[in-house]
Amino acid sequence: MVWTGTWVSDRLGIELAGDDELRGLLGLALRRNPKRAHLLVSGVLGKHVPQLPSVVHGHGVTLGRRVRALLGPEEAARAVVLGYAETATALGHAVADGLETAPYLHSTRRPVASVPSAGGFEESHSHATSHLLLPEDPAFFDRGGEAGRGPLVLVDDEFSTGNTVLNTLRDLHARHPRDHYVIVALVDMRAPGDAGRLAAFAEETGARVDVVAHARGTVRLPEDVLARGLRLVEEQDGRTADPLVPCAPAVAPVRLELGWPAGLPDGGRHGFTPDHRARLREALPAMAARIVDGLGGPEQAGRVLVLGFEELMYAPLVLAGALEEAGLDVRFSTTTRSPVLAVDDPGYAIRTRLAFPAHDDPADGPGERYAYNVAGGGFDTVLAVVDSAADTPALHAPGGLLAQLATAAPRVALAVVPAHTPVPRTPDRQESPVLPAPLRGPDFSSYEPDDVGWLLQDLSAVRLEAPVEEREEAVQRGGAHYAESLPVEYQPTEEYQELYRDALAGSAARIARAVGTVTELVLAERSPRPVLVSLARAGTPVGVLMRRWARHRHGTELPHYAVSIVRGRGIDANALRWLAAHHDPADVVFVDGWTGKGAITRELADALAGFPGFDPEIAVLADPGSCVRTYGTREDFLIPSACLNSTVSGLISRTVLRDDLVGPHDYHGAKFYRELSGSDVSRDFVAAVEARFDEVADAVDQQVKEAASADRAPTWEGWAAVERISEEQGIHDVNLVKPGVGETTRVLLRRVPWKILARRGAGADLAHIRLLAEQRGVPVEERDDLPYTCVGLIHPRYTRGATGADGKAVGSA
């Protein structure tokens, strides 16, 4: 047998080294993905390569039994299992089957309005990076009884760099800390350095972390493999094309009724319990019998492929398994989002490709989907199994999935599983009280009362400040979240204040032009009477200025509020409820100061999934990360309000979210630093920019006209740059890379900086950065290849006593 990685290995020099089983488990293919050239193609996962369902399910069950043996019966009874979408959803189910008593959840890319997110993380190498955790039971991750939370078992098909798992562990440990994690994969392909990062997490948190895999090894990659791989994909695309052309099937697909049990979830997207597992097992023989009858019996069915649908892998897998037990010649695989090159060669893992449009109205917009190794597979019947959310006209259209399958097999059948509609279970509580009116100056903040209403609670009397070093250590060890305390407010020196004044004088007109542009775009494209809602606190000065522009230019008084959003924990739900009760959600426009890598943009989109009517698109003054389409400029320049903290933001602290201070019916909190009124420049900043409105009016009109006809679609270039810098610098955590002038300033004022990357020749925009770096003893590295003016790097794995990038002890602010 020719190894199905030979073609790629011969051309790119990619090698697998490790256990003897590796080549039997994995082949190689080339991605259509600028982030990673190669794809490890599993022959036993049931995603890209059709396989016997007993083999696919059996590998997962075997892993689950090994985990059960590792944990012992008592700990296994307290465990929960989490799988990764989309590739490992069925594998995670099968591991839970092997554990027998564990409930199961898999991440998803399909938001559901009725279910609040219990977390999320990024899969940096994927073409679709964001994962949501949407358990129907809000206590899913707290299972374990009086002994505390039980072990968490994380299941993925491959464990390569470990970045995805570490992102997940850090997110969940901050929310639901526990003592034991078990990482499960078909193959563990980490390099030694990557293995060390998981050990470092265990040491930082004090948690035990085990890894269970069928086989272990590493992938040896030449240094230039990404560039060579992309060239090879382009060459092959020029030689070959998909052999199938869009057309309607000659015979309509046979629709089979499964008799799916009422109320039984279609899988683990919102949780799947041992009771659900028992109900499904009991119903499988009858459903399999209906399928066999619908296909006219085993002989007429012939060789059957059961084809699942993206995240919907487990239900089709166990249906295929029941058909296998009934004596049919059956294989199993699923459709996928992943674009992979197909090469018809026995030494290549992806021989054929069917391409078709997405047919489930995905949240991230339309796109192409794929089914691999179906054409040419010798199948007499293809049974497509989708959920009811994907049974749309697009599925049945010419060129859709069913039409493409009809060109690859003589017979196509369709079975639809009811998509589970979750009903969130929440603790019994009294009716929500009437939410308080927004706080306003001068009682809360130094802004004019009409400038902004703060949908926050006043925590001015609470001691919340902690030294920067203590906060950084607690956050990075997983023992605290950054929003649970406040940094000590930086008191600028006279030299620094002079830099701020010079920056404001030199950039007031440029800021005014950006304010005018973004406000006019909002008025023209979003709503003629928008309700401005700033993301506190960086967005608040921008919201105040946008309100002033609308009044100055159009005589329009726009409502303006400030609300809290916390990375990893979402937006203030009570503030949204207040807004929905007092304004049309369709008129609400969220406002922020700038984008860095776009983390808050993603956080807002995820948080609003449970609040219909609100538009998640943020309007920003500056969008250097290319993360939004409504912006004043995409230049990365110094916005003077980023130089200071509360003294340019109405004397309000950053927002606080802590369980002992913020109850279920409370707004998030913040402090009003009245004692700093002598240093306050909040009103002066607004006045200095507003004074330039008339002189920039013509330029704004021209810029808005150009923007109206321009392609302003986000490219997420900033996110890609941050991922690259994270890996280049050996940080391996995008949350510790803060791009842009504003975010770099925050690193120097509020976090423990490691070093600063600065674009060579940036000039005055970085004067305050250089001064702060000098005061804190932080090295500044000049670079020619930065897409931003500068990037701030937070000290990775910080503990007090750690050293900076220059080898010197890290000092305090």
Side-chain angles (χ1 to χ4, degrees), residues 121-122 124 163 166-167 169-171 173-174 197 200-201 204-205 466-488 490 538 566-568 594-600 603 624-625 636 642 645 654 718-719 721-758 766 768-770 772-781 783 786 788-813:
F121 51 89
E122 298 298 320
S124 60
N163 287 347
L166 277 172
N167 287 340
L169 289 176
R170 294 187 186 282
D171 180 85
H173 195 77
R197 290 191 288 117
F201 169 83
E204 291 166 14
T205 59
V468 169
E469 290 73 24
E470 288 183 14
R471 295 180 76 248
E472 192 67 39
E473 184 175 7
V475 169
Q476 293 204 30
R477 281 184 175 272
H481 190 278
Y482 78 90
E484 294 175 348
S485 64
L486 294 172
V488 176
Y490 171 70
V566 177
R567 180 174 56 79
W594 56 84
T595 64
K597 56 182 173 286
I600 290 298
E603 185 78 34
D636 183 19
N645 286 326
R654 52 176 312 154
W719 188 272
V722 166
E723 289 180 335
R724 174 176 56 80
I725 291 169
S726 173
E727 297 303 313
E728 284 178 358
Q729 297 291 325
I731 295 175
H732 309 296
D733 186 350
V734 293
N735 292 324
L736 301 182
V737 180
K738 303 295 184 180
V741 178
E743 292 300 307
T744 302
T745 305
R746 288 178 168 184
V747 170
L748 288 162
L749 293 179
R750 307 177 195 168
R751 304 295 296 268
V752 174
W754 189 44
K755 63 179 171 181
I756 306 301
L757 308 180
L766 292 189
H768 75 295
I769 294 287
R770 297 183 191 281
L772 286 173
E774 180 182 357
Q775 290 174 350
R776 299 201 63 178
V778 179
V780 178
E781 180 181 313
R783 296 277 292 268
L786 286 183
Y788 295 90
T789 302
C790 59
V791 176
L793 305 182
I794 296 171
H795 199 295
R797 297 172 295 280
Y798 174 76
T799 58
R800 279 165 287 181
T803 57
D806 58 352
K808 299 177 182 177
V810 175
S812 61

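When a residue number appears, it is its place in the shown sequence, counting from 1.
Scanning for side chain to side chain donor-acceptor pair (under 3.5 Å) contacts around Glu603 gives an empty result, with sequence neighbours left out. Partners of Thr744 according to the side chain to side chain donor-acceptor pair (under 3.5 Å) rule, which considers only residues two or more places apart in sequence or in another chain, do not exist here. Remark: Glu774 pairs with no residue by the side chain to side chain donor-acceptor pair (under 3.5 Å) rule, at least two apart or across chains. Partners of Arg783 according to the side chain to side chain donor-acceptor pair (under 3.5 Å) rule, which considers only residues two or more places apart in sequence or in another chain, are Glu728, Asp785.
Summarising the geometry, atom OG1 belonging to Thr205 is positioned 8.5 Å from atom CZ belonging to Arg170; distances are rounded to the nearest 0.5 Å. Taking CZ from Arg197 and CG from Leu166, the interatomic distance works out to 5.5 Å, rounded to the nearest 0.5 Å. We find the CG-CG distance between Asn163 and Asn167 to be 6.5 Å, quoted to the nearest 0.5 Å. Once rounded to the nearest 0.5 Å, the distance linking CD1 of Ile731 with CD1 of Ile794 reads 9.0 Å. Atom-to-atom distance recorded for Leu766:CG and Leu772:CG is 11.0 Å, nearest 0.5 angstrom.
Considering every non-hydrogen atom in both Leu786 and Thr789, the closest pair reads CD1-O, 4.4 Å.
Tyr788 is not listed as a side-chain neighbour of Leu757, based on a closest heavy-atom distance of 4.5 Å or more. In this structure, the side chains of Ile756 and Val778 come closer than 4.5 Å at one or more pairs of heavy atoms. Looking only at side-chain heavy atoms (C-beta outward), Gln729 and Trp754 come within less than 4.5 Å of each other. Looking at heavy atoms from C-beta onward, His768 lies in side-chain contact with Val741 at the 4.5 angstrom threshold.
In this structure a side-chain-to-backbone donor-acceptor pair under 3.5 Å is missing from Ser726 to Val722. Side chain of Thr595 to main chain of Gly625: a donor-acceptor pair is present (N/O by atom type, distance under 3.5 Å, no hydrogens or angles).
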